[in-house]
Amino acid sequence: MSLSRPLRLLLLGAPGSGKGTQTSKLLKEMSLPTLSSGDLLRQHGDDPKIKQAIARGELIPDDVMTGMVIGDLARRQLLAGAGKSWLLDGFPRTLNQAVLLDKELSSHDSKLNCVVELNVPQSVILERIENRWVHIPSGRIYNLQYNPPKVAGQDDVTGEPLSKRPDDNVEVFQRRLDKYNELIEPLKQFYAKQGVLHTVDGETSDIIFPKLLKLIRDNFS
Ligand code: G5P
Ligand code: MG
């Protein structure tokens, strides 16, 4: 799909709702720079305090996280003007992060123009997480039922070993979910007021994806 105007997209959704999965599906339809705050932390967050916070399911402080994301967008020259399209997954996830990002993007005339909440029943999510395996260097995601690797335990592209995320266990997952439920409403209100918030519902990523694609096609192509 080609776009007639820049798409600056944020995917919101509970842990395990499929933000990373929708990102990879979208990349098969269009070329789009993407940034997942979780991947960024897992790939570059060598600080033991960051590793510990992730393993406990706690959030990284807003100023640290915002600095990392804005730094990465700037390094990749995605802030260089209003003409670039890109996708954010997992950031912002607090109202404060949203305000800080909004301020930075406003100064580049490139505010988020499409915020999509993936609304998946939380009852179906836990099982997905227990069966998730990841290739940390690329961020590629697998699930033993939904999208298993071609060879058990190995990344499809590099053949390198897959890992379990330290925060993918029942106790930490519940903490992440509780945090999400506590923080999401003010964030949604912030973007609803700007007229850019959309919600797509579905029990599976295959049900959600065509809805997401249609939304983008109807508004940006
Ligand atoms: P992350 O990495 O951003 P979360 O908790 O927001 O983590 P997560 O867990 O990465 O989100 P997701 O990306 O929404 O979930 O879901 P996914 O990986 O695509 O899908 C989950 C699993 O389900 C996969 O195995 C997938 O294959 C499978 N699946 C997908 N669709 C289906 C389906 O239809 N059916 C089935 N059966 N399976 C399916 O953040 C991690 C931590 O980093 C820090 C925090 O500590 C956070 O806890 N962090 C931040 N801290 C502060 N501020 C921020 N902005 C931060 N961002 C990250
Ligand atoms: Mg993810």
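Just the heavy atoms: all of them, side chains too, but no hydrogens, waters or symmetry mates, feed the values below. Counting starts at 1 for both ligands and their atoms, following the listed order.
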Asker: Note the single closest protein heavy atom to atom 12 (P) of ligand 1, along with its residue, its atom name and the distance in Å.
Answerer: Lys19 N, 3.5 Å

Asker: Between the side chain of Arg132 and the main-chain N/O of Tyr142, is any donor-acceptor distance below 3.5 Å?
Answerer: no

Asker: Give me the residue, atom name and distance of the protein heavy atom closest to atom 13 (O) of ligand 1.
Answerer: Gly20 N, 3.0 Å

Asker: Can you tell which part of Ile141 has a heavy atom less than 4.0 Å from ligand 1: side chain, backbone, both or neither?
Answerer: side chain

Asker: Is the number of heavy atoms from other residues, nucleotides or ligands under 6.0 Å of Glu29 CD greater than 12?
Answerer: yes

Asker: Going by distance alone, is a donor N or O of one side chain under 3.5 Å from an acceptor N or O of the other, for Asp206 and Tyr146?
Answerer: yes

Asker: Taking both backbone and side-chain atoms of Gly18, is any N or O found less than 3.5 Å from an N or O belonging to ligand 1?
Answerer: yes

Asker: Need the ligand 1 atom indices (1-based, order shown) with element for anything under 4.0 Å from a heavy-atom of Ala14.
Answerer: 14 (O)

Asker: Note the single closest protein heavy atom to atom 7 (O) of ligand 1, along with its residue, its atom name and the distance in Å.
Answerer: Arg165 NH2, 3.2 Å

Asker: Applying a 4.0 Å heavy-atom criterion (strictly less than), which segment of Asn147 is in contact with ligand 1: side chain, backbone, both, or neither?
Answerer: side chain

Asker: Starting from atom 53 (N) of ligand 1, locate the nearest protein heavy atom and write down its residue, its atom name and how far away it is, to 0.1 Å.
Answerer: Gln97 NE2, 2.8 Å

Asker: What protein heavy atom lies closest to atom 47 (C) of ligand 1? Include the residue and the distance to one decimal.
Answerer: Arg93 NH1, 4.1 Å

Asker: Run Val200 and Leu215 through side-chain contact (heavy atoms from CB on, under 4.5 Å) and show every step you take.
Answerer: CA-CA 9 Å; Val200 286; Leu215 197 157; 4.1 Å; yes

Asker: Is it true that, when you exclude Glu203 itself, more than 12 heavy atoms of the residues, nucleotides or ligands shown sit nearer than 6.0 Å to its CD?
Answerer: no

Asker: Below the 3.5 angstrom mark, is there an N/O of Tyr146, backbone or side chain, next to an N/O of ligand 1?
Answerer: no

Asker: Among all the protein's non-hydrogen atoms, which is closest to atom 46 (O) of ligand 1, and how far away is it?
Answerer: Glu58 O, 2.6 Å

Asker: I'd like to check whether Leu41 has a polar contact with ligand 1, where a contact means an N/O of the residue lying under 3.5 Å from an N/O of the ligand.
Answerer: no

Asker: Nearest to atom 18 (O) of ligand 1, what protein heavy atom do you find, and at what distance?
Answerer: Arg132 NH1, 2.6 Å

Asker: So which heavy atom in the protein is nearest atom 57 (N) of ligand 1, and how far is it from that ligand atom?
Answerer: Ser37 OG, 2.7 Å

